[in-house]
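Predicted model, so just to flag it, every value in this text is computed and none were measured.
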Amino acid sequence: MSLLLLFPEPQSSAMQLDSRTLLAVYNDALREIAAGPLANVNSGNASLTELNNAFPGAVTYVLSQADWNFAMRRATLYGVADTTGFPPFTFRYARPSSYLRKHWIKIAAADEFPTDHAEVGAAFYGFDPVALIEYVSSATDNYDPDTWSPQFARLVSIYLAFLVAPKLARAGDDVLGPLWQRFQMTLTEASAQEAVFYTNQQIPTERAPVMRRAVEFLGQQLHG
């Protein structure tokens, strides 16, 4: 099995974490590889060191994989006139500093559809001088387990287990393969749950019966 996993450098400096919740995430990861649990996240040992080193990158990677409601932010994009960067678009927008994943770009949040745009490298291109973006953010508070949904916490634990298993459990492909499959299956389930929850929060009351029936045709149901 060959896997190429890319994520930014750890953001180790300014994370203020709930130790009890972080302890649960770490111990769930250790349980995945049949390693002994930690008593706390203060007493240094090999397991804690590996988990601490892997944690920021693991959270960043999982954040970038789906439209997580708890991690959503909005920002105004101010366009710079640019007719040559990515024709036929006429304005270029810089990404927000904490940008990880786009949810939508619109002229106004209440608009039914996104505005025409393209994402190229570290910039967006569009036709409007000002636009609004909703995106998954890498802001520091999104690295605090106390803010996470249960599905997100579960995914981070599995992905942490995948990252630390080679050193802490001398794991090879026979362990890493099933862990990676479990991560992908859990991600698919979590993404569907997040999408249903988000849709239910956004639709106007008068449209709810129609939207509910449409979602049922897809084999799912609206939250609540």
Side-chain angles (χ1 to χ4, degrees), residues 1-18 21-33 35 38 41 47-73 75 95-104 119-122 124 133-169 171-173 175-195 197-198:
M1 180 182 66
S2 177
L3 295 172
L4 179 61
L5 305 178
L6 301 176
F7 41 77
E9 290 295 320
Q11 305 174 9
S12 58
S13 58
M15 291 188 300
Q16 300 297 321
L17 300 172
D18 183 327
T21 304
L22 181 62
L23 179 64
V25 172
Y26 280 5
N27 281 338
D28 282 347
L30 293 172
R31 192 176 299 112
E32 290 285 346
I33 57 175
L38 300 171
V41 293
S47 293
L48 182 59
T49 298
E50 291 299 322
L51 288 164
N52 280 340
N53 289 339
F55 179 82
V59 177
T60 300
Y61 182 76
V62 179
L63 279 170
S64 70
Q65 297 304 296
D67 293 337
W68 305 107
N69 293 295
F70 76 89
M72 287 289 186
R73 302 290 187 275
R95 285 178 174 176
S97 59
S98 66
Y99 174 87
L100 279 178
R101 175 189 176 94
K102 178 190 67 182
H103 186 223
W104 49 248
E119 183 174 359
V120 183
F124 297 104
I133 184 171
E134 185 167 274
Y135 65 100
V136 175
S137 167
S138 63
T140 301
D141 56 334
N142 291 335
Y143 290 74
D144 180 349
D146 192 50
T147 69
W148 297 350
S149 64
Q151 296 91 347
F152 188 87
R154 176 66 178 145
L155 277 166
V156 171
S157 293
I158 297 173
Y159 193 64
L160 273 174
F162 180 85
L163 294 178
V164 303
K167 287 190 176 180
L168 296 185
D173 287 354
V175 173
L176 295 179
L179 271 176
W180 184 247
Q181 292 175 2
R182 191 174 310 152
F183 175 81
Q184 292 294 335
M185 290 172 54
T186 306
L187 176 61
T188 298
E189 294 171 357
S191 299
Q193 291 174 336
E194 289 283 320
F197 176 80
Y198 189 85

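Of all non-hydrogen atoms in A54 and V164, the two that sit nearest each other are CB-CG1, 4.0 Å. Between A161 and A29 the shortest heavy-atom distance is CB-O, 3.4 Å. Looking at every heavy atom in both residues, S137 comes nearest to N142 through O-ND2, 2.9 Å. Here the closest heavy-atom approach between residue Y61 and residue Q65 is recorded as O-CG, 3.1 Å. Nearest heavy-atom pair across L155 and A190 is CD1-CB, 3.9 Å.
Here F152 pairs with W68, F70, W148 under the ring pair (Phe, Tyr, Trp, His ring centres under 6.0 Å) rule; sequence neighbours left out. Judged as a side chain to side chain donor-acceptor pair (under 3.5 Å), and not counting sequence neighbours, the contacts of E32 are R154, R182.
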Steps toward side-chain contact (heavy atoms from CB on, under 4.5 Å) verdict (L51, L30): CA-CA 9 Å; L51 288 164; L30 293 172; 4.0 Å; yes
Would T186 and Q151 satisfy side-chain contact (heavy atoms from CB on, under 4.5 Å), going step by step from the backbone distance to the final call? CA-CA 8 Å; T186 306; Q151 296 91 347; over 6 Å; no
As a quick check of understanding, evaluate side-chain contact (heavy atoms from CB on, under 4.5 Å) for D146 and L22, giving each step before the final call. CA-CA 8 Å; D146 192 50; L22 181 62; over 6 Å; no
Give the C-alpha distance, both sets of side-chain angles, the deciding distance and a yes or no for side chain to side chain donor-acceptor pair (under 3.5 Å) between S157 and Y26. CA-CA 7 Å; S157 293; Y26 280 5; over 6 Å; no
Taking it one step at a time, do L38 and S47 satisfy side-chain contact (heavy atoms from CB on, under 4.5 Å)? CA-CA 8 Å; L38 300 171; S47 293; 4.1 Å; yes
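Between E194 and D67, every side-chain heavy-atom pair lies at or beyond the 4.5 Å cut-off. When side chains are defined from C-beta on, V136 does not count as touching H103, because their heavy atoms never get closer than 4.5 Å. Side-chain atoms of V62 and F183, non-hydrogen and from C-beta on, do get closer than 4.5 Å to each other. You'll find the side chain of R73 reaches within 4.5 Å of the side chain of Y135, heavy atoms only. Here the side chains of L100 and T60 are in contact, with some heavy-atom distance below 4.5 Å. Inter-residue side-chain proximity for L179 and I33 is flagged as met; some heavy-atom pair is nearer than 4.5 Å.
For F124 and Y99, the gap between ring centers is short of 6.0 Å.
One finds the CG atom of L176 at 11.5 Å from the CD atom of Q181 (value rounded to the nearest 0.5 Å).
Judged purely by distance below 3.5 Å, without hydrogens or angles, the side chains of S138 and Y143 never pair a donor atom with an acceptor atom.
Salt bridge annotation for K102-E134: absent, with no cationic side-chain nitrogen under 4.0 angstrom from a carboxylate oxygen.
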